[in-house]
Amino acid sequence: MERLFGSGRIQLVQGDITEESTDAVVNAANQSLLGGGGVDGAIHRAGGPAILAECKAIRARQGGCPAGEAVVTTGGRLPARYVIHTVGPVWTGGDRREPEILASCYRNCLRLAVEKALRSVAFPSISTGAYGYPVGEAASVALSTVATFLSKEEAAPALVRFVLFDAGTLRAYEEVLASL
Ligand code: ADP
């Protein structure tokens with residue numbers, strides 16, 4: 001499924017984000033930037049050691065990455081040129097600013113994409129794995145934040161693709177995108 005917002009397209013597909021050849025892929029990282037499970041593990045496995053080396057350099061400079069923020073590294077051996085690492089909120093019931101933090105993840109990744117003049121970016125479903133964010137609510141925040149960014153920002157990437165790992169997550173995102 002896809003829809004246009006401003007001059008940008010939001011596209012939803014099911015798949016493995018490590019295989020994407022968009023200019024950048026987004027990693028659902030953790031604050032240490034030292035790798036983990038889920039998407040994070042898959043990206044480091046497929047992309048090789050150059051990604052972790054840059055993550056360690058960033059960590060040495062700024063001491064990791066707080067939730068809601070984003071940093072960029074090489075894509076190493078991935079088809080994508082860059083990895084944008086962002087740290088989603090851990091879901092603890094919804095009253096600890098989880099929606100605001102999740103929205104800033106998407107916005108900060110897109111800002112970095114604009115800074116680097118990228119034309120296409122692929123996102124996973126940030127926070128809905130190990131971090132426990134309910135998928136329907138995460139889809140709402142993700143899609144409304146990206147749609148608003150594409151509508152307002154002329155230099156936004158022309159394509160934002162959500163690469164969703166399983167059919168249930170794809171369905172949840174499709175329902176929300178259809179209703180925007
Ligand atoms: P978080 O810690 O932010 O919750 P996870 O990596 O645990 O991040 O999960 C986020 C989402 O990414 C989940 O829906 C998970 O199924 C999915 N996922 C896991 N591996 C991949 C992959 N290779 N490509 C795309 N999505 C993936």
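The figures that follow rest on heavy atoms only: side chains count, while hydrogens, waters and symmetry mates do not. The shown structure was predicted, so the numbers you read here are calculated from the model rather than taken from an experiment. All residue numbers refer to positions in the sequence shown, counting from 1.
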Nearest heavy-atom neighbours spanning Ser7 and Glu154: OG-O, 4.5 Å
Any donor-acceptor pair under 3.5 Å from Arg97 side chain to Pro89 backbone: no
Donor-acceptor under 3.5 Å (Asn108 side chain, Gly68 main chain): yes
N/O donor-acceptor pair under 3.5 Å between Thr169 side chain and Phe165 backbone: no
Other ILVMFWY residues reachable from Ile43 by side-chain steps of under 4.5 Å: Val13, Ile17, Val25, Val39, Ile51, Leu78, Val83, Val163
Members besides Val90 in its Ile/Leu/Val/Met/Phe/Trp/Tyr cluster (side-chain heavy atoms under 4.5 Å): Tyr131
Step-by-step side-chain hydrogen bond (donor to acceptor under 3.5 Å, both in side chains) determination, Glu69 to Ser104: CA-CA 7 Å; Glu69 297 192 8; Ser104 34; over 6 Å; no
Heavy-atom side-chain contact between Tyr82 and Lys116 under 4.5 Å: yes
NE2 on His85 to CD1 on Ile58, rounded to 0.5 Å: 6.5 Å
Tyr106/Phe149 under ring pair (Phe, Tyr, Trp, His ring centres under 6.0 Å): CA gap, chis, key distance, verdict: CA-CA 9 Å; Tyr106 286 97; Phe149 192 94; over 10 Å; no
Pairwise side-chain contact, Val71 with Gln62, heavy-atom cut-off 4.5 Å (strictly under): yes
Met1 side chain near Gln11 side chain, heavy-atom distance below 4.5 Å: no
Sequence neighbours excluded - salt bridge (Lys or Arg N to Asp or Glu O under 4.0 Å) pairs with any residue from residues 46-62: none
Validation row: Asp23, Val121 side chains within 4.5 angstrom (heavy atoms): no
Whether Tyr173 and Phe162 hold their rings parallel, tilted or perpendicular, with breakpoints at 30° and 60°: tilted
Test item: Asn27 side-chain N/O and Ile84 main-chain N/O as donor-acceptor pair under 3.5 Å: no
Taking every non-hydrogen atom, the tightest pair across Ile126 and Cys105: CD1-CB, 4.3 Å
